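The model shown is predicted, which means the values in this text are computed figures rather than measured ones. Below, each value reflects all heavy atoms present in this structure, side chains not excepted, and no hydrogens, waters or symmetry copies.
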Amino acid sequence: MSGSVVVAGLGPGDPQQVTPEVQRALNNATDILGYIPYVARIAARPGLTLHPSDNREELHRARHALELARQGRHAVIVSSGDPGVFAMASALFEALESGNYDTNTDIRILPGITAMLAAAARAGAPLGHDFCAINLSDNLKPWSVVEQRLRMAARGDFAMAFYNPRSKSRPHQFAHVLEILREECESQRLVIFARAVSTPDETVRTVTLAQATPDMADMRTVVIVGNSLTRQVGRWVYTPRSVVVPASAP
């Protein structure tokens, strides 16, 4: 009996933003695996086993799903947002590569609406031109790498979306991020703090870099920093689609 593993994005929080493709996979699953709050979003039903786990257990979760597929079951690993953006899709392939699993296992990655894109849509179009996403957590990479990527992105004049800006275990790092941005960018650069977008707890706030403070962010916040051309029109924030390069002086 052939099993399968699906890695599915549940979107930012609103059930209406779960894609029909993901919903079909959830309906056909025998097992749902994921971080505790994400699994809690799945309704129990006969024939479905829920496997909630801690957020530091990604590889164990991925191996568990592959073992279930080996047993002929249909496992769905759920992530918030999109599973390929700082989430479980990469962890699954890491487990597949490092373990004794059949690389021909039926695996599907189903995209979802990312927190970054949901936050941008609420604000307007701050990611309307070239942009990058940076995970500010140093759990899986050294802080020196975070800082280097942050500086290079700022110097390249990318709009930037920050995941995992601040947590109880990392309360001071986001203050350092703001210091770096103030060294590399002008003080009037627009910064969007979008918290819990698409849920009842949603808040979206736009300030200048000079006004931004560390306590404006937590682990439920996506921070979007505009590029040098990002501007406000009424309550909306957008980044123009074109870049005008000044002519060189003779």
Side-chain angles (χ1 to χ4, degrees), residues 2-13 17-19 21-26 28-42 48-119 132-146 149 161-170 173 218-222:
S2 178
S4 63
V5 179
V6 171
V7 190
L10 297 179
Q17 294 186 356
V18 176
T19 70
E21 182 182 39
V22 167
Q23 189 59 58
R24 283 194 297 272
L26 297 174
N28 293 329
T30 59
D31 298 82
I32 303 287
L33 303 89
Y35 179 38
I36 297 165
Y38 306 155
V39 173
R41 292 171 59 180
I42 310 301
L48 177 65
T49 303
L50 303 177
H51 305 271
S53 53
D54 190 71
N55 65 343
R56 297 291 183 92
E57 298 180 12
E58 289 91 349
L59 283 177
H60 172 76
R61 186 181 306 144
R63 295 186 187 109
H64 188 188
L66 290 166
E67 291 292 344
L68 289 168
R70 182 180 281 169
Q71 298 166 21
R73 298 181 70 82
H74 299 288
V76 176
I77 306 173
V78 291
S79 290
S80 67
D82 181 281
V85 180
F86 307 125
M88 281 301 302
S90 182
L92 177 68
F93 292 120
E94 186 177 342
L96 182 69
E97 182 180 29
S98 62
N100 184 27
Y101 301 106
D102 182 0
T103 56
N104 292 315
T105 299
D106 181 8
I107 293 174
R108 288 179 295 147
I109 311 300
L110 304 186
I113 297 172
T114 71
M116 168 181 65
L117 297 181
C132 65
I134 301 176
N135 185 345
L136 297 182
S137 170
D138 61 352
N139 288 334
L140 297 175
K141 62 180 181 288
W143 176 253
S144 60
V145 172
V146 177
R149 291 178 178 176
F162 298 148
Y163 280 72
N164 301 319
R166 188 167 177 262
S167 69
K168 292 180 179 178
S169 62
R170 298 180 291 104
Q173 288 177 347
D218 63 12
M219 282 295 286
R220 299 187 69 191
T221 306
V222 173

Whether Tyr35 and Tyr38 hold their rings parallel, tilted or perpendicular, with breakpoints at 30° and 60°: perpendicular
Distance-only polar pair, side chains of Thr221 and Asp218, donor-acceptor under 3.5 Å: yes
Gln173 vs Ser137 side-chain heavy atoms within contact, under 4.5 Å: no
Audit row: Glu58, Arg61, salt bridge (Lys or Arg N to Asp or Glu O under 4.0 Å) steps and yes/no: CA-CA 5 Å; Glu58 289 91 349; Arg61 186 181 306 144; 5.2 Å; no
Pair Val78-Leu26, side chain to side chain contact (heavy atoms under 4.5 Å, CB included): steps then yes or no: CA-CA 9 Å; Val78 291; Leu26 297 174; 3.9 Å; yes
Thr30 side-chain N/O to His74 backbone N/O, donor-acceptor pair under 3.5 Å: yes
Pairing residues for Arg166 by the side-chain hydrogen bond (donor to acceptor under 3.5 Å, both in side chains) criterion, not counting sequence neighbours: none
Side chain to side chain contact (heavy atoms under 4.5 Å, CB included) between Thr49 and Arg73, intermediate numbers included: CA-CA 11 Å; Thr49 303; Arg73 298 181 70 82; 3.9 Å; yes
Candidate pair Ile42 and Leu50, rule side chain to side chain contact (heavy atoms under 4.5 Å, CB included), full reasoning: CA-CA 8 Å; Ile42 310 301; Leu50 303 177; 4.3 Å; yes
Enclosure of Arg149 CZ (heavy-atom neighbours >12, cutoff 6.0 Å): no
Short side-chain donor-acceptor distance under 3.5 Å, Asp31 and His51: yes
Test log, rule side chain to side chain contact (heavy atoms under 4.5 Å, CB included), inputs Lys141 and Asn135: CA-CA 10 Å; Lys141 62 180 181 288; Asn135 185 345; 3.7 Å; yes
